[in-house]
Amino acid sequence: GSNVTLVTNTTNTATGKPDLAVRVLSTGTINRFNNQFTPTSVIAGTDRPAIRFEVVNVGTGNSGTWNFNVLLPTADGKIFSSEQQVSLTPGDRIEFTLGFDNIRNSGSNVVTISADEANSIGDSNRTNNSATVTLFISGTPVTTTGTIGNAFGTPDLSIQILDRGIIDRITGQFIAT
């Protein structure tokens, strides 16, 4: 499912360059029946793995539309490619929760998230456009079918655009405005 809450500043006149930064917030599971995210560092093989991450425009200009890709550790090496995302003004951030099925292995599984891989927005710093996180799966992973949750192997994505604010360039902390 997808939930979007947008808070915008219609008087924004940013003229600098955008800078999208990807940050992993937590790993966990998605309940297959109610899509509830539960943070956890160890995921049972019978659970639906999930990652929660955000994309923040830490630059000084509007981003324009952009997209992101997530390389998932599924049996078939699925890459989730998002639809075009809304333009982010400086300080805007969007939080994503992505759940998926058919994890490849028990033990460590790496997920890589990349925003604007094609460099279509020309951001000022490309080194923070991706993040990697390791999911630890305990027990034998199960393969799901279309009868539980989404169709076989199809990720769920929940999106929330959070309150506007700024990023302190010294501490990296988000300050709501």
Side-chain angles (χ1 to χ4, degrees), residues 1-7 20-58 66-83 85-86 88 91-117 128-145 147-168 171-176:
S2 176
N3 299 314
V4 179
T5 305
L6 176 60
V7 178
L20 297 183
V22 177
R23 298 184 183 134
V24 175
L25 302 174
S26 61
T27 62
T29 61
I30 294 283
N31 181 295
R32 295 180 198 279
F33 301 102
N34 65 15
N35 285 326
Q36 180 71 36
F37 175 79
T38 303
T40 184
S41 60
V42 178
I43 301 164
T46 55
D47 286 341
R48 187 169 207 216
I51 52 170
R52 182 168 277 171
F53 63 97
E54 69 179 2
V55 177
V56 183
N57 182 356
V58 297
W66 54 280
N67 70 327
F68 67 90
N69 295 319
V70 182
L71 177 57
L72 298 168
T74 57
D76 60 353
K78 183 177 279 298
I79 297 175
F80 175 85
S81 295
S82 76
E83 296 177 1
Q85 303 297 309
V86 297
L88 298 178
D92 281 354
R93 62 188 175 129
I94 303 178
E95 185 176 300
F96 300 92
T97 303
L98 183 67
F100 59 96
D101 293 311
N102 304 318
I103 194 125
R104 183 179 302 134
N105 304 312
S106 60
S108 297
N109 292 269
V110 176
V111 177
T112 302
I113 306 147
S114 301
D116 189 40
E117 259 186 328
N128 59 1
N129 284 51
S130 63
T132 300
V133 64
T134 300
L135 300 175
F136 186 80
I137 308 300
S138 67
T140 304
V142 296
T143 301
T144 61
T145 65
T147 61
I148 300 175
N150 273 357
F152 181 77
T154 302
D156 278 339
L157 176 65
S158 174
I159 302 172
Q160 183 178 14
I161 299 176
L162 303 172
D163 292 337
R164 292 186 39 79
I166 59 171
I167 302 295
D168 183 306
T171 66
Q173 295 295 313
F174 178 80
I175 303 166

Legend entry - Considering all heavy atoms, the nearest Leu88-Asn57 contact: O-ND2, 2.9 Å
Legend entry - Contact check, side chains of Phe80 and Leu72, non-hydrogen atoms, under 4.5 Å: yes
Legend entry - Separation between NZ of Lys78 and CG of Leu71, rounded to the nearest 0.5 Å: 11.5 Å
Inset, instruction - List the steps, then state whether side chain to side chain contact (heavy atoms under 4.5 Å, CB included) holds for Asp92 with Val56. - result: CA-CA 6 Å; Asp92 281 354; Val56 183; over 6 Å; no
Inset, instruction - For Gly99 and Ile30, work out which heavy atoms get closest and say how close. - result: CA-CG1, 3.9 Å
Legend entry - Nearest non-hydrogen partners of Ala50 and Thr29, listed with the distance: CB-C, 4.1 Å
Inset, instruction - Check the pair Phe37 / Arg52 against side chain to side chain contact (heavy atoms under 4.5 Å, CB included), numbers first and verdict last. - result: CA-CA 9 Å; Phe37 175 79; Arg52 182 168 277 171; 3.4 Å; yes
Inset, instruction - In plain terms, say whether Arg32 and Asp101 are close enough for a salt bridge, that is, a side-chain N and a carboxylate O under 4.0 Å apart. - result: yes
Legend entry - Donor-acceptor pair, side chain of Glu95 and main chain of Arg93, under 3.5 angstrom: no
Inset, instruction - Go through the steps for Phe100 and Asn102 under the test side chain to side chain contact (heavy atoms under 4.5 Å, CB included), then give the verdict. - result: CA-CA 7 Å; Phe100 59 96; Asn102 304 318; over 6 Å; no
Legend entry - Side chain Asn109, main chain Gly107, donor-acceptor under 3.5 Å: yes
Legend entry - Residues that Asn128 engages under side-chain hydrogen bond (donor to acceptor under 3.5 Å, both in side chains), provided they are two or more places apart: Asp19
Legend entry - Asn31 side, atom CG; Arg48 side, atom CZ - distance, nearest 0.5 Å: 10.0 Å
Legend entry - Partner residues of Ser81 under the side-chain hydrogen bond (donor to acceptor under 3.5 Å, both in side chains) criterion, sequence neighbours left out: Asn69
Legend entry - Over all atoms of both residues, closest heavy-atom pair of Thr134 and Ser108: CG2-CB, 3.7 Å
Legend entry - Side chain Asp47, main chain Pro49, donor-acceptor under 3.5 Å: no
Legend entry - Pairwise side-chain contact, Ile51 with Thr97, heavy-atom cut-off 4.5 Å (strictly under): no
Legend entry - Heavy-atom side-chain proximity of Thr112 to Val70 below 4.5 angstrom: no
Legend entry - side-chain contact (heavy atoms from CB on, under 4.5 Å) partners of Ser106, counting only residues at least two apart: Pro141
Inset, instruction - Taking the side chain as every heavy atom from C-beta outward, state whether Val24 and Val111 have any pair of such atoms under 4.5 Å apart. - result: no
Legend entry - Gly77 backbone acceptor or donor facing Thr74 side chain under 3.5 Å: yes
Inset, instruction - Please state whether the rings of Phe53 and Phe96 are parallel, tilted or perpendicular, taking 30° and 60° as the class boundaries. - result: parallel
Legend entry - Derivation of the side chain to side chain contact (heavy atoms under 4.5 Å, CB included) call for Leu20 and Trp66: CA-CA 10 Å; Leu20 297 183; Trp66 54 280; 3.7 Å; yes
Inset, instruction - To the nearest 0.5 Å, tell me how far Ile113 CD1 sits from Thr132 OG1. - result: 7.5 Å
Inset, instruction - Measure the shortest side-chain to side-chain distance between Val58 and Arg23 over non-hydrogen atoms and say whether it is less than 4.5 angstrom. - result: yes
